[in-house]
Amino acid sequence: MVADGLRGARRGVRWVLIGTLILTWFLAVLTSAGALGLGILAWQRALLAVAGLVVFSVFFIRMTGAVLSHGISRRERAVSGALALAVMVTGGAQMTGWGFVPLAWLSIAAIGVSRKSAVLLGAGTAVVVTPPAVFATLAGSDPAFFSEVPSTVGAAVGVGFYYVMMCALFPWTNRLWVWIWRLAEEAHAGREAQARLAVAEERLRFARDLHDMVGHQLSAIAVKSELAVRLSAADADAAKDEMAEVRGLARTALRELRETVRGYRRLDLGAELATVRGVLEAAGVSCRLHLPYREVPEGVAPVFAWVIREAATNVLRHSSASRCDITVRHSEEEAVLEVRNDGVARRAVEDVGSGLAGLGERLAAVGGTLDARPTGAGEFVLRAVAPLSAEAGT
C-alpha cells in the first residue's frame with residue numbers, strides 16, 4: 001500500500017542519513033585503537049572523545065528525524081557543530097578518524113537550507129577544521145597519511161585539499177536522498193488529492209442532476225401550495241384543483257428522484273471505463289483498456305462497472321502503481337474482468353479497501369466470484385468472474 005511504501009521509504013532515507021554516523025563511529029574507533037597502540041593518544045582523551053561522540057550521535061539522530069518532518073533549528077545546527085569540532089580536537093583531529101566528525105555534521109546540517117547556505121556551510125567547515133587537522137599532522141598524531149611531513153606548507157596544502165574536496169561533496173550527498181523522499185511524498189499527496197477531486201466531482205454531478213430533474217417540480221409545488229392557501233378562503237374548488245396539481249407534481253418529483261438514484265446505482269460500464277481511464281492517467285498512471293468487440297450483457301455490465309470503480313480507487317489510494325491494465329472478455333458461459341497494476345499492496349487483500357467486501361456481495365448476487373491478490377511478478381490483480389446464460393451471451 002502507498003502509506004506503507006512511504007513509511008518504508010522514510011525509514012530507508014533515515015538509515016541512509018544515519019549511515020554517515022555509523023561510518024564516523026567506525027573510523028573513530030579504528031583510529032583511536034591505532035593511536036592508543038602507538039602511544040599517540042592517551043586513554044583519558046579517548047574516553048572523553050567517545051563520550052562527546054555519544055552526545056553528538058544523539059543530536060545527529062534527532063536531526064535526521066527533524067529534517068524529514070519540520071526541519072532542523074538553527075540552535076541544533078550551532079550546538080551540534082560546536083560539539084563536532086570539540087570531539088574532533090579531543091580525539092586527535094586525524095583526517096580519517098576523529099576529523100571525520102565535522103564532515104558527518106555537515107552532511108546533515110546542510111539539508112533544509114538554500115544552496116547558497118549549503119555552500120557557505122561547506123566552506124566554513126573547511127576553514128574551521130583544517131587548522132587542527134594540520135596541527136595534528138605536524139605533531140605526528142596522524143601517521144596514516146604523513147609519516148614524515150616535509151614542511152608545514154606541504155601539510156597545510158595536503159590537509160586543506162582533503163577538507164576542501166570533502167566539504168564540497170558532503171553537503172549534497174544526503175540532500176539528494178531527502179529531495180527524492182520529498183518528491184515521493186508530494187506524489188502521494190497528489191494521488192490523494194486526485195482521489196478526493198474525483199469524489200467531489202461525482203458529488204457535484206449528483207447535486208446538479210438532482211437540481212435539474214427535481215428542482216423544477218419542487219419549485220412548482222411551493223408556488224402551487226402557496227396559491228392553494230390563498231384560494232382556500234375565497235374559492236375552495238379552485239384551491240382543491242391546485243392541491244390536486246401539487247399531488248401530481250409531488251408524484252412526478254418522487255418518480256424522477258427514484259430514477260436519478262437508480263441511475264447512480266446502475267452504472268454504465270462504458271462510461272465508467274472512460275471515467276476511470278481519465279482519472280488514472282490524470283494521476284500519472286498509464287491505463288490501457290482491452291475490451292471485447294461485443295458489449296458485455298446487461299445483467300453483468302453494471303456489476304463490472306462497480307468493480308472497475310472500486311479497483312481504480314484502490315489503485316489511487318492504496319498502491320504506488322505506474323501502470324494499470326483493464327481487461328474485459330466474455331464467452332457464452334461467463335464474463336471476466338481483470339484489473340492489473342504494478343503497485344503491489346503489502347498487506348492482506350482485506351486491508352486494501354473495505355469496498356471489496358461489497359463488491360464480493362454484488363458478484364455473489366449474480367452468481368459470480370471476486371479474487372484480489374498480489375502475484376509473484378510484482379503485480380496486483382483483481383479478477384471478477386460472472387456466469388452468463390446462453391441468451392445473455394449472444
Side-chain angles (χ1 to χ4, degrees), residues 17-64 72 74-110 118 120-171 174:
L17 302 182
I18 294 176
T20 307
L21 180 64
I22 296 174
L23 178 61
T24 302
W25 271 97
F26 174 77
L27 294 176
V29 171
L30 186 65
T31 304
S32 297
L36 288 170
L38 294 174
I40 299 174
L41 179 65
W43 66 268
Q44 295 90 342
R45 287 186 61 186
L47 290 178
L48 185 60
V50 169
L53 186 55
V54 170
V55 178
F56 172 77
S57 300
V58 174
F59 273 94
F60 190 97
I61 293 173
R62 285 178 54 187
M63 291 165 68
T64 56
I72 305 171
R74 292 183 178 179
R75 182 179 179 181
E76 283 180 317
R77 283 191 177 93
V79 172
S80 59
L83 182 59
L85 180 62
V87 171
M88 170 187 176
V89 174
T90 304
Q94 301 94 336
M95 288 190 304
T96 56
W98 294 99
F100 198 82
V101 178
L103 298 179
W105 170 84
L106 179 61
S107 71
I108 195 70
L120 291 177
L121 280 174
T125 302
V127 170
V128 171
V129 302
T130 298
V134 171
F135 180 80
T137 301
L138 293 174
S141 299
D142 192 3
F145 279 88
F146 303 101
S147 58
E148 295 181 1
V149 180
S151 65
T152 303
V153 175
V157 171
V159 175
F161 178 78
Y162 169 80
Y163 276 111
V164 166
M165 294 298 296
M166 298 299 282
C167 290
L169 175 64
F170 268 62
N174 287 338

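One is the number of the first residue; the rest follow in order along the sequence.
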From OG1 (Thr64) to CG (Leu21), nearest 0.5 Å: 8.5 Å
Does the Tyr163 side chain pair with the main chain of Gly99, one donor and one acceptor, at a distance under 3.5 Å? yes
I'd like to know if the side chain of Ser80 reaches the main chain of Arg77, judged simply by a donor and an acceptor atom lying under 3.5 Å from each other, with no hydrogens or angles considered. yes
Specify the closest pair of heavy atoms between Leu17 and Ile108, including all atoms of both residues, with the distance to one decimal. CD1-CD1, 3.9 Å
Thr20 side, atom OG1; Trp105 side, atom CH2 - distance, nearest 0.5 Å: 14.0 Å
Please check if the distance between the ring centroids of Phe170 and Phe100 is under 6.0 Å. yes
Short side-chain to backbone donor-acceptor contact, Ser107 and Ala104, under 3.5 Å: yes
Can you name the nearest heavy-atom pair linking Glu76 to Met63, along with the distance? O-SD, 4.4 Å
Please report the closest heavy-atom contact between Leu53 and Ala28, naming both atoms and the distance. CD2-CB, 4.1 Å
Given Trp25 and Ser57, is the side chain to side chain donor-acceptor pair (under 3.5 Å) satisfied, shown in steps? CA-CA 9 Å; Trp25 271 97; Ser57 300; 2.9 Å; yes
Quick one: are Cys167 and Leu103 in side-chain contact, heavy atoms under 4.5 Å? yes
Using 0.5 Å steps for rounding, measure from the CD1 atom of Ile18 to the CG atom of Leu23. 14.0 Å
Please set out all donor-acceptor pairs under 3.5 angstrom arising from side-chain atoms of residues 36-48, sequence neighbours excluded.
residue: Arg45; atom: NE; partner: Thr90; partner atom: O; Å: 3.1
residue: Arg45; atom: NH2; partner: Val89; partner atom: O; Å: 2.9
residue: Arg45; atom: NH2; partner: Thr90; partner atom: O; Å: 2.9

Among residues at least two apart in sequence or on other chains, which ones pass side-chain hydrogen bond (donor to acceptor under 3.5 Å, both in side chains) with Thr130? none
Please give me the minimum heavy-atom distance between Ala84 and Phe56, naming the atom from each residue. CB-CE1, 3.8 Å
Between CG on residue Leu106 and CG on residue Leu169, distance to nearest 0.5 Å: 9.5 Å
Looking at side-chain heavy atoms only, is the closest gap between Leu121 and Pro171 below 4.5 Å? no
